[in-house]
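Structure, as structure tokens:
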Amino acid sequence: MKIRIKGFRRATAVAVTAGAVLSAGAFTAPAQAATVAAPTITAKGGFVMNNGTGKTLYTKAADTRRSTGSTTKIMTARVVLAQKNLDLDSKVTVQKAYSDYIVNNDWASSARLIVGDKVTVRQLLYGLMLPSGCDAAYALADKFGTGTTRDARVKSFIGQMNSTAKSLGLTNTHFDSFDGIGHGANYSTPRDLTKLASSAMKYSTFRTVVKTKSTKQKVTTSNGGYRYMEWTNTNGLLGSYSGTIGVKTGSGPEAKYCLVFAATRNGKTVIGTVLADSSVAARTASAKKLMDYGFKK
């Protein structure tokens with residue numbers, strides 16, 4: 001005699017189905033994303049953001065004001081490129097005052113401009129950003145400042161630097177020089193410098209210049225002939241870190257070693273700053289760590 005237990009077959013089917021779902025779930029549940037540990041850097045200050053979205057990816061004393069050294073020249077270039085009706089091929093005659101400035105300042109790096117030569121604004125930007133020429137910075141400030149004397153024009157240009165900082169919302173930034181050789185009131189922060197660099201990178205000329213490893217430029221001499229000026233970029237990330245697109249080194253007795261950097265990989269651009277590092281090698285290492293971290297975030 002066969003006895004059927006009502007509902008047994010259905011209950012068994014439900015149990016089997018539920019078991020299959022539970023079993024399958026063990027294999028199909030999405031894996032948790034691994035947490036990426038923030039790097040340790042030797043620089044006293046650091047900041048990294050996604051240049052496309054503006055999202056902050058890393059901070060270390062990001063809003064602490066520090067001397068910026070020649071990273072100041074990012075603003076020098078930014079002010080020049082924002083000039084109305086800018087003619088990049090207009091020529092500037094190199095004055096003795098520019099070379100004297102180099103001689104009189106121990107920390108002044110030079111583009112080795114030669115008095116009497118006629119160089120274009122575009123060439124001055126290369127001399128400014130690659131070898132970090134303080135003489136090139138002086139020439140640009142003299143040309144694009146307003147006033148009847150050189151001192152007045154330089155003061156005017158520095159005023160433009162500060163008004164630009166204000167317009168960009170850089171509340172912890174102030175300039176008292178055109179090149180970073182300050183007089184006690186030249187400072188910024190990792191966050192502000194990164195935002196400044198991001199703004200400067202919107203100019204195609206700036207992007208072209210700061211990603212250039214070296215250049216050879218033909219300039220006109222005082223007697224109407226020509227010579228070639230060769231400049232090499234001080235940014236060691238170019239050629240040593242895949243995807244690097246800029247932007248500027250800096251150093252000084254107070255600033256120590258600084259670097260504003262940017263790189264693009266797989267369509268994502270990270271941009272950031274390290275300030276007050278212990279050496280050239282250290283600032284490069286710190287920047288690489290922060291970019292590695294930024295690309296993983």
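Under a hydrophobic clustering in which Ile, Leu, Val, Met, Phe, Trp and Tyr are joined whenever their side-chain heavy atoms come within less than 4.5 Å, directly or via other members, I74 and L290 fall into different clusters. Residues L81 and L130 share a single hydrophobic cluster, defined by chaining ILVMFWY side chains whose heavy atoms lie under 4.5 Å apart. Residues F206 and M161 share a hydrophobic cluster, clusters being chains of Ile/Leu/Val/Met/Phe/Trp/Tyr side chains in contact below 4.5 Å. The hydrophobic clustering, which links ILVMFWY residues whose side-chain heavy atoms are closer than 4.5 Å, places I181 and L124 together. Both V94 and V92 are assigned to one and the same hydrophobic cluster, defined by single-linkage of ILVMFWY side chains at heavy-atom distances under 4.5 Å.
Residue V247 forms a side chain to side chain contact (heavy atoms under 4.5 Å, CB included) with just one option from T194, V210, T273, L237, and that option is V210. Among D192, L193, T64, the one residue that satisfies the side chain to side chain contact (heavy atoms under 4.5 Å, CB included) test with N172 is D192.
More than 12 heavy atoms of other residues, nucleotides or ligands sit less than 6.0 Å from atom NZ of K288. The local environment of NZ in K211 is sparse, with at most 12 non-hydrogen atoms from other residues, nucleotides or ligands closer than 6.0 Å. Counting heavy-atom neighbours within 6.0 Å of K155 NZ, excluding the residue itself, gives a total of 12 or less. The neighbour count for Q95 CD, taken as heavy atoms of other residues, nucleotides or ligands under 6.0 Å away, is above 12.
A donor-acceptor pair under 3.5 Å is absent between the side-chain atoms of T212 and the main chain of S214, judged by distance alone. Using a distance-only test at 3.5 Å, with no hydrogens or angles considered, a donor-acceptor pair links the side chain of T149 to the main chain of A152. Within the 3.5 Å criterion, the main-chain N or O of F175 finds no donor-acceptor partner in the side chain of N186. Looking only at distances, no side-chain donor or acceptor of K218 sits under 3.5 Å from a matching main-chain atom of Y226. Using modelled atom types, no side-chain atom of N105 and backbone atom of W107 make a donor-acceptor pair closer than 3.5 Å. No donor-acceptor pair under 3.5 Å is formed between the side chain of D277 and the backbone N or O of Y257. In this structure, Q217 contributes its side chain and T215 its backbone to no donor-acceptor pair below 3.5 Å. Although no hydrogens or angles enter the test, the distance criterion places no donor-acceptor pair under 3.5 Å between the side chain of H174 and the main chain of Y187. For D135 (side chain) and S110 (main-chain N/O), no donor-acceptor pair under 3.5 Å exists by modelled atom type. Side chain of S177 to main chain of G180: a donor-acceptor pair is present (N/O by atom type, distance under 3.5 Å, no hydrogens or angles).
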Could you go through the salt bridge (Lys or Arg N to Asp or Glu O under 4.0 Å) check for D89 and R122 one step at a time?
CA-CA 6 Å; D89 296 316; R122 190 191 312 274; 3.3 Å; yes

Take F144 and V79, measure what side-chain contact (heavy atoms from CB on, under 4.5 Å) needs, and give me the verdict at the end.
CA-CA 9 Å; F144 292 104; V79 168; 5.8 Å; no

CA sep, side-chain torsions, deciding dist, call: K166, S163, side chain to side chain donor-acceptor pair (under 3.5 Å):
CA-CA 5 Å; K166 185 176 181 180; S163 62; over 6 Å; no

With side-chain contact (heavy atoms from CB on, under 4.5 Å) as the criterion, how do L168 and K195 come out once you've worked through the C-alpha distance, each side chain's angles and the decisive distance to 0.1 Å?
CA-CA 8 Å; L168 293 174; K195 289 181 177 180; over 6 Å; no

For N162 and D176, what are the C-alpha separation, side-chain angles and deciding distance, and is it a side-chain contact (heavy atoms from CB on, under 4.5 Å)?
CA-CA 9 Å; N162 284 314; D176 67 0; over 6 Å; no

Show your working on side-chain contact (heavy atoms from CB on, under 4.5 Å) between I245 and M201 and close with a plain yes or no.
CA-CA 10 Å; I245 56 173; M201 291 291 270; 3.6 Å; yes

How far apart are the C-alpha atoms of K91 and T220, what are their side-chain angles, what is the distance that settles it, and do they pass the side chain to side chain donor-acceptor pair (under 3.5 Å) test?
CA-CA 9 Å; K91 292 186 177 181; T220 305; 3.2 Å; yes

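Note that OG1 of T249 and CG of L259 are 7.0 Å apart. Values are rounded to the nearest 0.5 Å. Within the model, atoms CG of N233 and NZ of K248 stand 7.5 Å from one another, a figure rounded to the nearest 0.5 Å. Atoms OG1 and CG, from T232 and L238 in turn, are 11.0 Å apart once rounded to the nearest 0.5 Å. Here R227 contributes atom CZ and T221 contributes atom OG1; the two are 6.0 Å apart, rounded to the nearest 0.5 Å. Annotation: the span from F178 atom CZ to T76 atom OG1 amounts to 8.5 Å, rounded to 0.5 Å. One distance of note links CE of M229 with CH2 of W231; it measures 5.5 Å at 0.5 Å rounding.
Taking each heavy atom of G294 and K268 in turn, the nearest pair found is O-NZ, 2.7 Å. Nearest approach of A62 to P190, heavy atoms of both residues: O-CD, 3.3 Å. Residues L128 and A137 share a closest heavy-atom pair of CD1-CB, 3.5 Å. Here the closest heavy-atom approach between residue G69 and residue A255 is recorded as N-CB, 3.5 Å. Listed here is the closest heavy atom pair of A82 and Y203: CB-OH, 3.6 Å. In terms of heavy atoms, K213 sits closest to G239 at NZ-CA, 4.0 Å.
Between the side chains of K289 and S286, no donor-acceptor pair is found at a separation under 3.5 Å. Side-chain atoms of S188 and R65 include no donor-acceptor pair closer than 3.5 Å. T234 and S132 share no side-chain donor-acceptor pair at under 3.5 Å.
Between R153 and T146, the closest side-chain pair of non-hydrogen atoms is not below 4.5 Å. A 4.5 Å side-chain heavy-atom check between V270 and N51 finds every atom pair outside the cut-off. Between F47 and K60 the shortest side-chain heavy-atom distance does not fall below 4.5 Å. No side-chain heavy atom of T120 sits under 4.5 Å from any side-chain heavy atom of L88. Residues I41 and V274 have side chains in contact (heavy-atom distance under 4.5 Å, counting atoms from C-beta outward). For the pair D179/K73, a side-chain contact is recorded, criterion being any heavy-atom separation below 4.5 Å from C-beta on. For the pair L140/V121, a side-chain contact is recorded, criterion being any heavy-atom separation below 4.5 Å from C-beta on.
Cation-pi contact between K216 and Y228: present, with separation from the ring centre below 6.0 Å and deviation from the ring axis of at most 45°. Taking the ring centre of F261 as origin, the terminal cationic atom of R283 falls outside the region bounded by 6.0 Å and 45° from the ring axis.
In terms of the ring-ring contact (aromatic ring centres under 6.0 Å, His included) criterion, residue partners of Y98 (sequence neighbours excluded) are, by chain and number, Y138.
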